[in-house]
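Beneath this line is the structure, given in structure tokens, with notes to follow.
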Amino acid sequence: MSDWKNVQVEKGDAWALVTFNRPKVLNALNRELLEELDAVISWIEQDEEIRVLIMTGSGEKAFVAGADITELRRIPSATEAERLAAFGQRLFSRIESLPIPVIMAVNGYALGGGCELAMAGDIILASDRARFGQPEINLGVIPGYGGTQRLARRVGTGTAKYLCMTGEMIDAQEAARLGLVQKVVAADQLLDEAKRLAKQLAQKAPIALRYIKKAIDIGTETDLSAGLHLEASYFGLTFNTDDRAEGMDAFLEKRPPRFTGK
Ligand code: CO8
């Protein structure tokens, strides 16, 4: 249902599926794809029917094999490289701060910018064929779309330094052991599992989901007492919602809740 060249978008029952679509180059991120993705995010932001976003890669081999190295090679100056890194970082931060859950269904290589893009999601599901890594060091550069920062926050500084300094790839099981991946599934089950999880999340109270996301994302960037203060304040805000009354009434009446997002 999209007019985009490098990104396909499908809308399902309360979820949207974005597929990176440059399979000949393992879905490498060129500027055009990033600009399209930026437009897709704006479109998703204004569609209130979409309660969960799923992202995946086209083809059997890759989620995203990184920034497009052919394009990187042609960047004329340090200033231009910094500008492109900042553009990608802003886009990934927009994805990270969407008010809905974002599931990254990693179907193959998630390297460099691909690993960085996966980490901008809330939950990473991986196929048993997925491979993760930050191989920029092998090109004589460093991660530029948030890899040094988000990887360190997800797996700790020692492991992040090991992966960024060696450029080694890890498989899905190892990524799960490190906490980078939340669940590993058979390759042919990945999209079904992502949609099943999306449906499960779409049935939860959307405002409470949004506050969970904000409390964890903002709270872990601050000290414990400020984070706890934030949690108490968001907890209070959920009490202004219809869904809070519905959730508690449904429990007491021994029936499933029907949340409306109000
Ligand atoms: N960019 C451009 N083309 C790519 C990329 C890429 N990142 N990855 C793969 N391709 C192309 C290959 O060149 C090849 O093209 P062709 O068929 O024309 O030869 C095609 O995709 C298939 O790839 P391979 O033949 O290499 O497939 P293999 O199965 O042999 O290997 C690998 C798969 C291991 C994934 C291998 O392709 C590879 O190592 N790719 C590069 C991985 C990488 O280094 N990624 C990091 C890139 S740098 C980065 O992401 C920085 C992000 C921050 C940027 C900040 C902005 C400035």
Side-chain angles (χ1 to χ4, degrees), residues 5-8 18-39 41 55-96 104-121 124 126-155 159-175 180-181 184 187 190:
K5 184 172 142 202
N6 303 282
V7 184
Q8 285 175 347
V18 171
T19 306
F20 312 116
N21 192 30
R22 300 185 75 214
K24 284 189 183 146
V25 287
L26 308 186
N27 306 319
L29 303 171
N30 62 359
R31 188 185 285 263
E32 194 179 52
L33 188 154
L34 292 175
E35 283 168 357
E36 288 182 4
L37 187 55
D38 202 40
I41 297 304
M55 293 193 173
T56 196
S58 66
E60 300 207 329
K61 265 176 95 169
F63 174 72
V64 166
D68 188 316
I69 299 169
T70 311
E71 200 176 83
L72 286 188
R73 181 68 184 87
R74 292 199 202 108
I75 293 179
S77 65
T79 313
E80 189 52 33
E82 184 179 338
R83 199 174 293 144
L84 184 58
F87 171 68
Q89 288 182 1
R90 272 195 306 277
L91 170 60
F92 290 13
S93 292
R94 282 188 76 198
I95 295 169
E96 184 173 58
M104 295 294 183
V106 176
N107 55 310
Y109 290 112
L111 302 175
C115 187
E116 293 169 310
L117 183 50
M119 291 189 290
I124 302 182
S127 111
D128 51 9
R129 289 196 208 135
R131 298 279 180 282
F132 296 80
Q134 296 289 162
E136 289 89 344
I137 186 70
N138 298 328
L139 302 170
V141 295
I142 73 166
Y145 289 151
T148 58
Q149 303 308 302
R150 291 198 176 91
L151 191 59
R153 281 162 175 74
R154 287 207 179 220
V155 303
T159 303
K161 284 177 185 168
Y162 180 88
L163 291 171
C164 292
M165 286 178 171
T166 62
E168 276 179 23
M169 276 187 232
I170 54 172
D171 64 19
Q173 296 295 350
E174 175 69 356
L180 179 58
V181 158
V184 183
L190 181 67

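Each ligand, and each atom within it, is numbered from 1 in the order the structure gives.
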- prompt: Taking atom CD of E174 as the centre, does the number of heavy atoms from other residues, nucleotides or ligands within less than 6.0 Å exceed 12?
  reply: yes
- prompt: Going by distance alone, is a donor N or O of one side chain under 3.5 Å from an acceptor N or O of the other, for N21 and S58?
  reply: yes
message: Name the residue from N6, L37, T56, N107 that meets the side-chain contact (heavy atoms from CB on, under 4.5 Å) definition with F20.
response: L37
query: Where do M55 and V64 land on the side-chain contact (heavy atoms from CB on, under 4.5 Å) test, with the steps shown first?
result: CA-CA 11 Å; M55 293 193 173; V64 166; over 6 Å; no
message: For E82, give me all partners under salt bridge (Lys or Arg N to Asp or Glu O under 4.0 Å), at least two apart in sequence or on another chain.
response: none
query: Can you tell me if E116 uses its side chain to pair, donor with acceptor, with the backbone of Y145 under 3.5 Å?
result: yes
- prompt: So which protein residues pack against ligand 1 under 4.0 Å, heavy atoms counted?
  reply: K24, V25, L26, A28, K61, A65, G66, A67, D68, I69, L72, A81, L84, A85, Y109, L111, G112, G113, E116, P135, E136, L139, G144, Y145, M169
